[in-house]
Trainee: 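Pasting a structure below so you can have a look.
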Amino acid sequence: MRTLSSDLKDHIGKTVHIQGWLHKKRLLGGLTFINIRDRRGLVQVVIQDKGEVEKLRGMQIGTVLAVDGKAVEEKRAPGGAELHDAKVNVMVPVTDEPPIEIDKPLSHKPDNLDTLFEHRVIGLRNLQEKAVFEIQATVCDAIRGYFKDNNFTEIHTPKLLAEATEGGAEVFKLDYFGKVATLAQSPQFYKQMMVGPFERAYEIAPVYRAEPSATTRHMTEYTSVDGEMGFITLKDLEHFLSGLLRASVDAAWDKHETELKRWNATKPELPTDIPALTLAEVHEKYSKATGDDTVGEKDLRPDEERWICDYAKKHLGSEAVFITEWPASEMKFYHKANEKDPEIADRIDLLFRGVEITTGSMREHRHAILVSQLKELAKGDPKDPGFEPLLTAMRYGMPPHGGFGLGLERLTEKIIGFNNVKEATLFPRDINRLSP
RNA sequence: GGGCUCGUAGUGAAGAGGCCUAUCACGCCUCCCUGUCACGGAGGAGAUCGCCGGUUCGAAUCCGGUCGGGCCCGCCA
């Protein structure tokens, strides 16, 4: 029976069998300490028998070991317990020296990120590095829980599509048995259609963007958290997103405070209702403060996103901020213009610690208006197989509805306090990286 | 796609015309060490300074090209 590192203290005085990876060797002459890593953490093994130590000669970090020994309470040991009288069995010997060291923090300096990703397979064995993805898994769990608590149904939509549809982002094209298929840039139309059957639906899945962007915010493949709900208003969406962000952050801090502090993370300040500013207000404040005139611009500059987040932290008591009242002239064809002011789109962006993590909007659910917006804004053909199903949904009854897309890696990045989204991505994909 | 910037042992860094036969730390190998936990100590191996060309008596160092990173902008989320 295998005992896990975390359970050693429950077996004091007993002989136990542990299995894991050699994580660290410390040879002190007559006394040798080794750390063994398993899925729960590390266990310290003390070896005095020269013959047992000799079995580890030439064995590199990463060697897979099984060790039998006696669990002993020991104040001087990490975790308060350790293994004595160890009998070592090398299950899988490793004699090649690892390309990077994993028992100390890996360099996350921008210049060294390439090395970090090149040796990702080994680097993730570093406890601090793998914690990034344990935190991400917790965030993902929290998001699922929040959706579930709000009566959403999880869906899985196709990533292979017939046409380039949404407009905006470039899509990847690929050969599909002689036809051209595209990779989904978002589950946008499918999640909207699924409001019909489910009223509330969500998906957490990869999406693909063929934009040749080389920034700290962009990848060609990322994990999109998509939600869509019927019978709501833009204000409802705002509340929902406030709750979603707080649930994510709280779960991460409840479960991983130690790891987050090791990354020098601070718990973000987030009020119950995240403050909202209009796009015009942001331009005005930014222009006044920096002397860089952005008034009248139809989007936010990256520097404005950073600046307004600093502003919100200092003056609004929040490290996240909603941006509202976007120009209707720039909206996607499936967005809905504001009923009272048709110059404004019912769209809302959520900025968190300097980056946009979410875009949400009300969708145009009235068939006739959607058809005309499709023709005018996207120059699209309603008969196109890429658009036709969405229009069918509207034709046969869709309530006012809205939804959002959230970048899981950007959220994780900013919870931990990284500056590059790729640091929060297991195996990042960008314009020049396809491997590992 | 544009601008700026960086490529030096396995990893991280120093060196900015001759002090370089290239320095340091970690890792690796050998030896010493019984409470380490980024253990400590002694010794050793490991780099044609990304690549190609040029300037110069002399290039890791200057110039041009090239390849590969990074950051910002654009595009986008």
Side-chain angles (χ1 to χ4, degrees), chain A residues 23-36 42-50 53 57-62 72 74-80 82 84 94-119 122-123 126-128 166-171 185-186 188 207-226 299-306 330 332 347 349-352 355-361 404-411 413 419-423 430-433:
Chain A
H23 193 73
K24 184 74 186 173
K25 278 196 273 192
R26 274 182 279 269
L27 289 80
L28 276 67
L31 190 62
T32 293
F33 295 95
I34 63 171
N35 290 333
I36 294 184
L42 297 179
V43 57
Q44 174 163 286
V45 178
V46 184
I47 310 173
Q48 298 196 46
D49 186 311
K50 292 239 185 313
V53 175
R57 182 178 285 269
M59 292 299 119
Q60 303 291 334
I61 303 311
V72 174
E74 172 58 70
K75 282 200 192 73
R76 290 171 294 184
E82 63 187 13
H84 283 194
V94 175
T95 52
D96 292 327
E97 186 188 345
I100 51 170
E101 293 160 65
I102 59 161
D103 66 310
K104 53 197 70 167
L106 272 38
S107 173
H108 277 243
K109 278 171 57 179
D111 283 349
N112 300 330
L113 288 180
D114 199 48
T115 309
L116 184 71
F117 301 137
E118 202 57 39
H119 301 294
I122 304 304
N126 174 284
L127 264 36
Q128 198 170 335
E166 269 187 58
E170 285 292 317
V171 296
Q185 60 168 311
S186 93
Q188 184 61 38
V207 294
Y208 304 89
R209 305 283 167 99
E211 296 295 335
S213 302
T215 77
T216 52
R217 310 181 294 285
H218 296 93
M219 297 188 289
T220 50
E221 174 174 357
Y222 71 92
T223 307
S224 182
V225 175
D226 277 275
D299 201 351
L300 286 175
R301 296 181 187 177
D303 190 50
E304 275 184 298
E305 294 181 350
R306 292 184 282 267
E330 305 300 303
K332 301 271 181 69
R347 167 185 164 187
D349 278 21
L350 177 56
L351 308 186
F352 179 43
V355 297
E356 178 192 320
I357 58 167
T358 294
T359 294
S361 79
F404 64 92
L406 178 154
L408 180 64
E409 295 88 348
R410 284 189 182 180
L411 175 58
E413 172 201 353
N419 291 315
N420 191 319
V421 69
K422 291 168 203 169
E423 296 172 85
D430 63 27
I431 47 175
N432 36 32
R433 180 172 287 282

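Proteins come first, then strands; the chains are lettered A, B, ... in the order of their sequence lines, and each starts at number 1.
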Trainee: Strictly by modelled atom types, are A:Glu409 and A:Thr223 linked by a side-chain donor-acceptor pair under 3.5 Å?
Mentor: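 Side-chain D/A pair, A:Glu409 to A:Thr223: present.
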Trainee: A:Glu170 CD to B:rC76 C1': how many Å, rounded?
Mentor: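 In whole Å, B:rC76 C1' and A:Glu170 CD are 10 Å from each other.
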Trainee: With P as the reference atom in both, quote the distance from B:rA60 to B:rC20 in angstrom, rounded to an integer.
Mentor: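 Those two atoms are separated by 13 Å.
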Trainee: Do any side-chain nitrogens or oxygens of A:Arg217 fall under 4.0 Å of OP1 or OP2 in B:rC75?
Mentor: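 No.
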Trainee: Any strand counts, and the cut-off is 3.5 Å on both contacts for Watson-Crick or G-U wobble. Which nucleotide pairs with B:rG10?
Mentor: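 Looking at the geometry, B:rG10 pairs with B:rC26.
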Trainee: Which whole number of Å gives the distance between the P atom of B:rU48 and that of B:rG65?
Mentor: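 Rounded to whole Å, the distance is 26 Å.
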Trainee: Touch check for A:Pro98, heavy atoms < 4.0 angstrom, all strands: base, sugar-phosphate only, or nothing?
Mentor: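 No contact.
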Trainee: Within the structure, does a side-chain N or O atom of A:Gln128 lie under 4.0 Å from either OP1 or OP2 of B:rA38?
Mentor: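 For B:rA38, neither OP1 nor OP2 has a side-chain N or O of A:Gln128 closer than 4.0 Å.
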Trainee: Do A:Ser213 and B:rC75 have a side chain to base donor-acceptor pair shorter than 3.5 Å?
Mentor: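 Indeed there is one.
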Trainee: From C-beta outward on A:Glu97, which listed nucleotide comes closest to its side chain: B:rG27, B:rG10, B:rG69?
Mentor: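 Taking heavy atoms from C-beta onward, the closest nucleotide is B:rG27.
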Trainee: Using a cut-off of 4.0 Å on non-hydrogen atoms, how would the nucleic acid contact of A:Pro110 be classed: base, sugar-phosphate, or nothing?
Mentor: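 If one applies the 4.0 Å heavy-atom cut-off, A:Pro110 turns out to touch the sugar-phosphate alone, with no base involved.
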Trainee: Please tell me which of A:Phe33 and A:Arg410 maps to the more 5' nucleotide of RNA chain B, matching each residue to the nucleotide holding its nearest heavy atom.
Mentor: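 The 5'-side residue here is A:Phe33.
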Trainee: Counting side-chain heavy atoms from C-beta on, which of B:rC71, B:rU36, B:rC75 comes nearest to A:Pro78?
Mentor: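 My answer, after comparing the listed nucleotides, is B:rU36.
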Trainee: Would the distance check show the side chain of A:Arg410 and the main-chain N or O of A:Arg217 forming a donor-acceptor pair, the cut-off being under 3.5 Å?
Mentor: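 Checking the backbone N and O of A:Arg217 against the side chain of A:Arg410, a donor-acceptor pair under 3.5 Å is found.
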Trainee: For A:Arg433, answer base if it contacts any base atom (sugar-phosphate contacts may also be present), sugar-phosphate if it contacts only those atoms, and nothing otherwise; contact means non-hydrogen atoms under 4.0 Å.
Mentor: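 Here A:Arg433 touches no strand at all.
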Trainee: Quickly work out the A:Lys50 NZ to B:rU34 P distance and round it to whole Å.
Mentor: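 A:Lys50 atom NZ is separated from B:rU34 atom P by 8 Å.
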Trainee: What's the gap between B:rU56 and B:rG17 when it is taken at their C1' atoms, as a whole Å value?
Mentor: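 Nearest-Å result for B:rU56 against B:rG17 at atom C1': 9 Å.
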Trainee: Any salt bridge linking A:Glu118 with A:Arg433? Criterion: basic side-chain nitrogen under 4.0 Å from a carboxylate oxygen.
Mentor: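 A salt bridge is present here (some side-chain N lies under 4.0 Å from a carboxylate O).
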Trainee: Pick base, sugar-phosphate or nothing for A:Thr216, based on heavy-atom distances below 4.0 Å to the nucleic acid.
Mentor: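 Answer is sugar-phosphate: A:Thr216 comes under 4.0 Å of backbone atoms only.
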Trainee: Measuring only the P atom in each nucleotide, how far is B:rG2 from B:rC63? A whole number of Å is fine.
Mentor: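 So the two P atoms sit 22 Å from each other.
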Trainee: Taking only the P atom of each, what is the distance from B:rG46 to B:rA9 in whole angstrom?
Mentor: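 It comes out at 15 Å once rounded to the nearest Å.
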Trainee: Given atom NE2 of A:His218 and atom P of B:rG1, what is their separation to the nearest angstrom?
Mentor: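 Between P of B:rG1 and NE2 of A:His218: 16 Å.
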Trainee: Pairing check on B:rC71: which nucleotide meets the Watson-Crick or G-U wobble criteria with it, both distances under 3.5 Å?
Mentor: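 In the structure as shown, B:rC71 has B:rG3 as its Watson-Crick or wobble partner.
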Trainee: Could you check whether A:Glu82 gets within reach of a base, just the sugar-phosphate, or nothing at all, counting any heavy atom under 4.0 Å?
Mentor: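 Contact class for A:Glu82: base.
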Trainee: Grab the CG-P distance between A:Leu28 and B:rC33 for me, whole Å please.
Mentor: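 Those two atoms, CG and P, are 11 Å apart.
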Trainee: Using modelled atom types only, decide if a donor and an acceptor are shared between the side chain of A:Glu304 and the backbone of A:Arg301 within a distance under 3.5 Å.
Mentor: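 Side chain of A:Glu304 to backbone of A:Arg301, a donor-acceptor pair under 3.5 Å: yes, one is there.
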Trainee: If the cut-off is 4.0 Å, is A:Thr115 near the phosphate of B:rG12, judged by side-chain N/O to OP1 or OP2?
Mentor: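 So the side chain of A:Thr115 is within the cut-off, an N or O lying under 4.0 Å from OP1 or OP2 of B:rG12.
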Trainee: Return yes if some donor-acceptor pair links the side-chain N/O of A:Lys422 with the main-chain N/O of A:Leu113 below 3.5 Å, else return no.
Mentor: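 No; zero donor-acceptor contacts below 3.5 Å.
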Trainee: Please give the distance between the C1' atoms of B:rA47 and B:rU8 as a whole number of Å.
Mentor: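 Going atom to atom, C1' in each nucleotide, I get 7 Å.
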Trainee: With a 4.5 Å heavy-atom cut-off, do A:Asp103 and A:Asn126 have their side chains touching?
Mentor: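 No, their side chains stay 4.5 Å or more apart.
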Trainee: On RNA chain B, check which nucleotide each of A:Asn35 and A:Asp303 is closest to and give me the residue with the more 5' one.
Mentor: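 Looking at the nearest nucleotide for each, A:Asn35 comes out on the 5' side.
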Trainee: A:Glu74 near the nucleic acid: base, sugar-phosphate alone, or nothing, with a heavy-atom cut-off under 4.0 Å?
Mentor: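 Base: the residue A:Glu74, judged by heavy atoms under 4.0 Å, touches a nucleobase.
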Trainee: When rounded to the nearest Å, what value does the distance between P atoms of B:rA59 and B:rG50 take?
Mentor: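 Rounded to whole Å, the distance is 15 Å.
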Trainee: Applying a 4.0 Å non-hydrogen cut-off, can you work out what A:Leu106 is touching in the nucleic acid: base, sugar-phosphate, or nothing?
Mentor: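 Nothing, no nucleic acid heavy atom in range.
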Trainee: Is there a Watson-Crick or G-U wobble partner for B:rA45 with both distances under 3.5 Å, and which nucleotide is it?
Mentor: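 Its partner: none found.
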Trainee: So, under a plain 3.5 Å distance rule, would you say the side chain of A:Glu101 forms a donor-acceptor pair with the base of B:rG10?
Mentor: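 Pair found.
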Trainee: Ignoring hydrogens and angles, state whether a donor on the side chain of A:Asp349 or A:Thr359 is under 3.5 Å from an acceptor on the partner side chain.
Mentor: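 Per modelled atom types, A:Asp349 and A:Thr359 side chains form a pair under 3.5 Å.
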Trainee: Over all strands shown, is A:Asp430 touching base, sugar-phosphate only, or nothing at heavy-atom distances under 4.0 angstrom?
Mentor: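 Answer is nothing: A:Asp430 stays at 4.0 Å or more from every strand.
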Trainee: Can you identify which nucleotide, out of B:rC73, B:rG35, B:rU30, has its nearest atom closest to the A:Arg57 side chain?
Mentor: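 It is B:rU30.
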Trainee: Rounded to whole angstrom, note down the C1' distance from B:rG15 over to B:rC75.
Mentor: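 These two C1' atoms come out 41 Å apart once rounded.
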Trainee: Expressed in angstrom and rounded to an integer, what is the separation of A:Asp299 atom CG from B:rC73 atom C1'?
Mentor: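 These atoms are roughly 13 Å apart.
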Trainee: In this structure, how many angstroms lie between the C1' atom of B:rC72 and the CD1 atom of A:Ile431, rounded?
Mentor: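 After rounding, the gap between these two atoms is 13 Å.
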Trainee: For residues A:Asn420 and A:Thr216, is any side-chain donor paired with an opposing acceptor at under 3.5 Å?
Mentor: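 Checked: A:Asn420/A:Thr216 side chains show no N/O donor-acceptor pair below 3.5 Å.
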Trainee: Please confirm whether the shortest side-chain N or O distance from A:Lys109 to OP1 or OP2 of B:rA13 is below 4.0 Å.
Mentor: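 True: A:Lys109 side-chain N/O within range (under 4.0 Å) of B:rA13 OP1/OP2.
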Trainee: Between B:rU34, B:rG12, B:rC71, which nucleotide gets closest to the side-chain atoms of A:Leu31?
Mentor: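 My answer, after comparing the listed nucleotides, is B:rU34.
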Trainee: Nearest whole angstrom, please: distance from the C1' of B:rG7 to the CG of A:Asn112.
Mentor: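 Checked: the CG to C1' distance equals 11 Å.
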Trainee: If we call it a pair only when both distances are under 3.5 Å in a Watson-Crick or G-U wobble match, what pairs with B:rC62?
Mentor: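 Looking at the geometry, B:rC62 pairs with B:rG54.
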Trainee: So which nucleotide does B:rA16 pair with, by the Watson-Crick or G-U wobble rule with both distances under 3.5 Å?
Mentor: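 B:rA16 is paired with nothing.
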Trainee: Side chain of A:Gln44, heavy atoms from C-beta onward: which of B:rG12, B:rG74, B:rC37 has the nearest atom to it?
Mentor: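 The nucleotide sitting nearest to the side chain is B:rC37.
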Trainee: Find the distance A:Asn432:CG to B:rC71:C1' and express it as a whole number of Å.
Mentor: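 Atom CG in A:Asn432 sits about 14 Å away from atom C1' in B:rC71.
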Trainee: Does a side-chain N-to-carboxylate-O contact under 4.0 Å join A:Arg209 and A:Glu211?
Mentor: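 Salt bridge: no.
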